Amino acid sequence: MYIYRKRFFYPIHVERPDPVLAKELLEHYGGRDGELTQAVQYLNHQVNIDNRVWRELLGLIMAEELAHLETLSAMITKLGGEVTRLSDHEDTPWSLSYVNQYSEPDKLLKANAALEKRARLLYEKHAAMTQDPGVKRLLTFLARREGVHQRLLYRCYKVLTEGGTSEQYMEIIYEYKMSLQVLE
């Protein structure tokens, strides 16, 4: 007999329910700057990029954003919230209009880096709203990961605008993969 065990991107430890925070965290789930928006935006942008290294980076980050979405949904549930709909903390349904539709490489890299920055700042805000050490640790971790994405996307933008080499792009992929090796 096979028993399915759900594995999450990051351990989820919640000391006590906090439905107020759970509701706020829906902003990361189905909000304008949330994980779903990031994943769909990166999927859309992959189609519009000729550079295979950028496509690879966006694909790697997209997969991580989906893992964040799964982890976040489990934490929201453990905090006493519900994730029955793709909506934000005000119950506004997620919209495809949240996805940036640029096709020019410089604009889409800047837009993606800006989206990661907004997500990082929102995670930091929500981490400051809790005293639960497990929840704070997870939200801080997610903020750090968004910061890594922001930095790497900005580096891609810089390499692009400075006429960089394929080796410089490959270094960015290597740095991303190495960033996954370090979990605190």
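All figures in this text were calculated on a predicted structure; none of them were measured in a lab.
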Residue pair Ala113 / Gln150: nearest heavy atoms and the distance that separates them:
O-CG, 3.6 Å

In short, Ala74 meets Ile12 closest at the heavy-atom pair CB-CD1, 3.4 Å

If you measure from CG on Leu58 to CG on Asn48, what distance do you get to the nearest 0.5 Å?
10.5 Å

Only one of Glu116, Arg118, Lys117 clears side-chain contact (heavy atoms from CB on, under 4.5 Å) with Arg120; which?
Lys117

For His89 and Glu27, what are the C-alpha separation, side-chain angles and deciding distance, and is it a side chain to side chain donor-acceptor pair (under 3.5 Å)?
CA-CA 5 Å; His89 71 288; Glu27 195 62 31; 2.4 Å; yes

Any chance you could measure Tyr42, atom OH, to Gln46, atom CD, to the nearest 0.5 Å?
11.0 Å

In the single-linkage hydrophobic clustering (I, L, V, M, F, W, Y; side-chain heavy atoms under 4.5 Å), do Val40 and Val47 co-cluster?
no

Between the side chains of Glu65 and His149, does any donor sit under 3.5 Å from an acceptor?
yes

For the residue pair Ser95 / Arg32, report whether a side-chain donor-acceptor contact shorter than 3.5 Å exists.
no

Give a yes or no on whether Leu122 and Val99 share a hydrophobic cluster (residues Ile, Leu, Val, Met, Phe, Trp, Tyr; joining criterion: side-chain heavy atoms under 4.5 Å apart).
no

Check the pair Val53 / Met170 against side-chain contact (heavy atoms from CB on, under 4.5 Å), numbers first and verdict last.
CA-CA 7 Å; Val53 179; Met170 290 306 294; 3.5 Å; yes

Value for CG (Leu21) from CD1 (Ile76), rounded to nearest 0.5 Å, stands at 9.0 Å

What I want to check is whether the side chains of Trp94 and Thr37 have a donor and an acceptor closer together than 3.5 Å.
yes

Given side-chain contact (heavy atoms from CB on, under 4.5 Å), test Gln131 with Glu15 step by step and report yes or no.
CA-CA 10 Å; Gln131 297 306 310; Glu15 285 186 358; over 6 Å; no

Would you call Lys177-Glu56 a salt bridge at under 4.0 Å N-O?
yes

What's the separation between atom CG in Leu142 and atom CZ in Arg137, rounded to the nearest 0.5 Å?
12.5 Å

Minimum heavy-atom separation for Leu57 and Cys156, please, with both atom names.
CD2-SG, 3.6 Å

Test Ile61 against Leu153 for side-chain contact (heavy atoms from CB on, under 4.5 Å), laying out the working first.
CA-CA 10 Å; Ile61 294 173; Leu153 290 164; 4.2 Å; yes

To the nearest 0.5 angstrom, please state how far the CD atom of Gln41 sits from the CG atom of Asn112.
4.5 Å

Atom pair CZ/OG1 of Arg85 and Thr92 - distance to nearest 0.5 Å
11.0 Å

Is there a side chain to side chain donor-acceptor pair (under 3.5 Å) between Tyr176 and Glu64 once you walk through the steps?
CA-CA 11 Å; Tyr176 173 81; Glu64 186 176 344; 2.5 Å; yes

Between His126 and His28, does the ring centroid distance fall short of 6.0 Å?
yes

List the steps and the verdict of side-chain contact (heavy atoms from CB on, under 4.5 Å) for Leu138 and Met75.
CA-CA 9 Å; Leu138 176 55; Met75 184 170 61; 3.3 Å; yes

Check whether any side-chain heavy atom of Ile172 sits under 4.5 Å from a side-chain heavy atom of Trp54, and report yes or no.
no

